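Okay, structure first, notes after.
These figures come from a predicted structure and were not determined experimentally.
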Amino acid sequence: MALPMLPGNSLGKEKFHKSQHFDYSNGVAMMVGTEKPGIGGELLLGQSAKPKNSLFLKTEGSDAPAWVAFDKQVLCFDAYFQETVPQRREEKYRVRKCKIYFYLEDDTIQVVEPEFKNSGIPQGTLIRRHRIPLPAPKDDCFYNVHHFNINQEIVLYSRTFKITGCDPFTRNFLIKMGVRINPPASAPTDPYTTLRQEMENMKPLRPYERLDTLKQFLELDRKVLRFYCYWDDTESMFGDSREMILHYFLADDTMEIYEVVPPNTGRDAIPKFLHRGKLPKNAPIPKRHPGEITDRTVLNVFGPVGQGGRYILDSLKTGAVDEEFYKDCDLTIGGVINVWGRRVLLCDCDNFTKEYYRSKYGIEDFTPVSYKAPSPPKPAKQVPPYTGFGSEEDSLCSCQGLLPKPPQKDFKKLMEKDRQGLVSNVLRFVGKMLTDSPIDKERIFIICVYLSDDTIAVFEPPQRNSGVIGGKFLERGQVKKPGQELFKSEMSEYFTAQDLYVGARLDLNNQPFQLLDADEFTFNYMEQHADEFPKANIGTIISKVKSISEEQQKKVKQFFMMIDPSSTGFIPYESFRTLLADMDIQLSEHEIMMLGRNYSVREQPEVDVGLMLAVAQDQLKKKNFENFSDMIRAFTHEDRGRSGHLSSKEAWIICKAFRLPFADDLLRALLEKFQDESEKIDYHAFLSGINWRENPAPAVLPDVTVKFDADWRGEAADPAVKTINYSLFLEDVFGSATNINDS
């Protein structure tokens, strides 16, 4: 049942509270809500709502608030105001120019007066940024953008500002708002400023001498020349040589001198050897009575002495005495200056002083003067011999200080050469023992060199029916070179990575080894860092081969003609190795292998796609991956043209999204095998190939899978060196293969 239309039952009205107008502020009862709305938050009769935000709450055609729409948009006006000066007789008022900034985002105003040097007036921000109320009686409202225009006055806190202009952005903004902009006005001239300018431009009624050093001070202030000096006082009793530092101040042509007091010399460190001031050249000067020397002489005086009187000065300076002082042009390296009777030699200067004399005087020779004998070399620190307890580094650190510290490692080398991802930074060699034992001769060892700290570890792989248990043969650590005394003061020499190469003979803890081969990473690393490994520097090896005589060159020609009678340009590697080993140029086995790798003919066998798919299906089967139907829907969704092909990037993203348990190299190679000429992936064939449910591939042996995963690099591994292109070798070594064949 609807309520009757009775008083108090108005339709749609739910709030009937009365706003609170009284409260306590700092313990004082006062009226705080004079402008709050009436009953239920509605305005009373004759009451108007005050805007709480910017005039532009929403931009036209946009729902963005003012703090977003007008962010970083500020109106800039040029203005001035007059300030009365009642305390001075020279000026009655002063015209001060300023900038008025109006921030559109929240109707805040800021007044800033540009700062001028030596003005004597506190300038800068005159009115901080905030909303400024209108003058009374409208002080309940605030200034907005409609109150600003050119050539009009505004009152900000009882101070009248006259707006004279604005910037282009402000002009365009006001025009777009429909504001008719007044013509610009000009600020009146400041009478006191004009008076000061007239006084500066006044010419004297009589000639006088003006000593104005302000320009020199402003240009050269805080610029100081520094010289390193030497004073030889050995001729006097108990005198000795002293080192000093001279500072020459370019701002006023004064100088000061400090004495450098070395420690343990028995001298007290005085604050200054010479206080700052001008240094006369002919010091010490004779003393004169007061008034005997004057710069200007008064010739005559007219009228009373003081105010109202006139006088005439001697313009010829007949009573003046010219006294010469040291200038910057008098200071040169190797020169001697007179410091109140002491001869001080200028020996050297700093970089700023050199640049100053180079730019001003064109001096280029700044050779320092040697004024003292070189200090004797420090005696070598005697280190006690090694005692045999602990490592040699640890024993040496205990002798370097009272508090023993652990030996420091090469942290930079550790960070650069430590394992980084798949790059192990470990050189692996295959070696055998040099022994007469028939059993030990057949044992094979893996010698590893860790580049991060030059440590060596030896492992022995197990061999069937050998009677020797394989495993760790030598713990990882630094290995000393043989033939060194144990108890000595000098540090022992250890094997480094540069000492290991194919064909080298090593004595590891009194057990001789010979290195027979290395892995592919070792060969590649030594080739890439040929400056660190001379045995892998192909330029050095070729220079050795070039040094053979003409008779040996003929033997090389006959050897190649005998091995390759049809002149195909290729010979087997074993024949090439036999030739280099017989030549009298002392090439190691590693250098011969480097030549073979450099001139080898390498064939890249094609990877078996069936084997790749079999390995891929084996990995999917182990992970129980069966989301092939979801993958085909994802591929079809991305294929907008239903062409059955997608780009490699799109196919890669989909495979990664379904988390295919493949290595990145294997997945990349599989996608490459299913590309067409336009580099598009046939995703139907790809999914059909890896679907182990519908199209199972033949099973692969576990060792094949492990080897495939270990050796996979996205392409076939480099085969061993089998064939040598000797024609290219002859061309690089002897200049041309035809010249050798014709000789």
Side-chain angles (χ1 to χ4, degrees), residues 374-419 425-437 439-441 443-460 468-516 518 522 526 529 532-535 586 588 590:
S375 57
K378 295 183 178 180
K381 187 176 181 180
Q382 298 294 332
V383 180
Y386 176 56
T387 59
F389 295 97
S391 62
E392 295 185 15
E393 293 81 2
D394 192 20
S395 298
L396 180 61
C397 290
S398 64
C399 301
Q400 294 177 350
L402 295 177
L403 298 177
K405 296 182 180 179
Q408 298 293 331
K409 296 183 179 180
D410 192 349
F411 185 74
K412 180 180 179 181
K413 184 177 181 180
L414 175 64
M415 296 302 296
E416 292 178 354
K417 300 299 183 180
D418 198 13
R419 183 182 184 91
N425 284 328
V426 178
L427 306 184
R428 295 177 176 86
F429 296 89
V430 179
K432 285 191 174 182
M433 283 187 179
L434 295 177
T435 180
D436 297 333
S437 175
I439 298 177
D440 293 339
K441 284 184 178 180
R443 297 170 65 181
I444 299 177
F445 297 90
I446 305 299
I447 302 175
C448 302
V449 183
Y450 298 86
L451 298 175
S452 60
D453 53 1
D454 289 330
T455 54
I456 298 177
V458 181
F459 302 90
E460 183 179 7
V468 180
I469 300 176
K472 186 185 298 183
F473 184 82
L474 178 63
E475 185 76 24
R476 176 181 175 181
Q478 290 184 321
V479 181
K480 296 182 181 180
K481 293 184 178 180
Q484 302 185 71
E485 185 181 354
L486 178 59
F487 303 104
K488 61 182 183 303
S489 301
E490 297 80 11
M491 292 295 297
S492 300
E493 296 183 6
Y494 296 91
F495 282 107
T496 60
Q498 287 73 20
D499 298 325
L500 278 72
Y501 54 89
V502 178
R505 295 189 176 187
L506 305 178
D507 194 349
L508 304 180
N509 295 341
N510 298 327
Q511 179 60 54
F513 287 89
Q514 184 174 11
L515 304 184
L516 305 178
T522 303
M526 297 177 73
H529 302 79
E532 301 178 11
F533 299 91
K535 299 295 182 180
Q586 297 180 355
S588 63
H590 195 100

Please name the pair of heavy atoms, one in P407 and one in C397, separated by the smallest distance, quoted to 0.1 Å. CA-SG, 3.6 Å
Ignoring hydrogens, what is the shortest heavy-atom contact between C399 and S395? Give both atom names and the distance. SG-O, 3.4 Å
Could you state the interatomic distance from [atom1] ([X]) to [atom2] ([Y]), rounded to the nearest 0.5 Å?
| X | Y | atom1 | atom2 | answer |
| --- | --- | --- | --- | --- |
| M526 | L427 | CE | CG | 7.0 Å |
| T522 | I447 | OG1 | CD1 | 11.5 Å |
| E416 | L451 | CD | CG | 11.5 Å |
| L474 | F459 | CG | CZ | 9.0 Å |
| L515 | F445 | CG | CZ | 12.5 Å |

Do [X] and [Y] have side chains that get closer than 4.5 Å, going by heavy atoms?
| X | Y | answer |
| --- | --- | --- |
| F513 | K432 | no |
| F473 | M433 | yes |
| V479 | L506 | no |
| V383 | M491 | no |

Other residues, nucleotides and ligands only: do more than 12 of their heavy atoms fall within 6.0 Å of CG on L434? yes
Is the number of heavy atoms from other residues, nucleotides or ligands within 6.0 Å of CG (L486) greater than 12?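 Check passes, neighbour count above 12.
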Pairs touching residues 378-389 that satisfy side-chain hydrogen bond (donor to acceptor under 3.5 Å, both in side chains), sequence neighbours left out: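 Applying side-chain hydrogen bond (donor to acceptor under 3.5 Å, both in side chains) to every pair that reaches into residues 378-389, excluding sequence neighbours, yields nothing.
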Closer than 3.5 angstrom, by distance alone: can the side chain of S398 be matched with the main-chain N or O of P404 as a donor-acceptor pair?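 No.
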For S452 and R419, indicate whether the former's side chain and the latter's backbone hold a donor-acceptor pair under 3.5 Å. no
Provide the full list of salt bridge (Lys or Arg N to Asp or Glu O under 4.0 Å) pairs with a residue in residues 397-413, sequence neighbours left out, each pair given once.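 Sorted pair list: K413-D454.
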The criterion is salt bridge (charged side-chain N to carboxylate O under 4.0 Å, His left out); which residues satisfy it with [X], sequence neighbours excluded?
| X | result |
| --- | --- |
| E475 | K472 |
| D453 | R476 |
| R443 | D440, E460 |

Holding to side-chain contact (heavy atoms from CB on, under 4.5 Å), I want the full list of residues that pass it with V430, two or more places apart in sequence or in another chain.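 V430 satisfies side-chain contact (heavy atoms from CB on, under 4.5 Å) with I444, I446, D517 once adjacent residues are dropped.
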Please identify each residue that fulfils ring pair (Phe, Tyr, Trp, His ring centres under 6.0 Å) with Y450, with sequence neighbours left out.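 Per chain and number, Y450 pairs via ring pair (Phe, Tyr, Trp, His ring centres under 6.0 Å) with no residue.
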Which residues pass the side chain to side chain donor-acceptor pair (under 3.5 Å) test with K417, sequence neighbours left out?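 Checked K417 against side chain to side chain donor-acceptor pair (under 3.5 Å); matches are Y525.
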Residue list, side chain to side chain donor-acceptor pair (under 3.5 Å) with S492, at least two apart or on another chain: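 Side chain to side chain donor-acceptor pair (under 3.5 Å) check on S492 returns E392, K488.
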Donor-acceptor contacts under 3.5 Å from residues 494-501 side chains, at least two apart:
{"from": "Y494", "atom 1": "OH", "to": "E393", "atom 2": "OE2", "distance (Å)": "3.4"}
{"from": "T496", "atom 1": "OG1", "to": "Q498", "atom 2": "OE1", "distance (Å)": "3.4"}
{"from": "T496", "atom 1": "OG1", "to": "D499", "atom 2": "OD2", "distance (Å)": "3.3"}
{"from": "D499", "atom 1": "OD2", "to": "K481", "atom 2": "NZ", "distance (Å)": "3.4"}
{"from": "D499", "atom 1": "OD2", "to": "T496", "atom 2": "N", "distance (Å)": "3.1"}

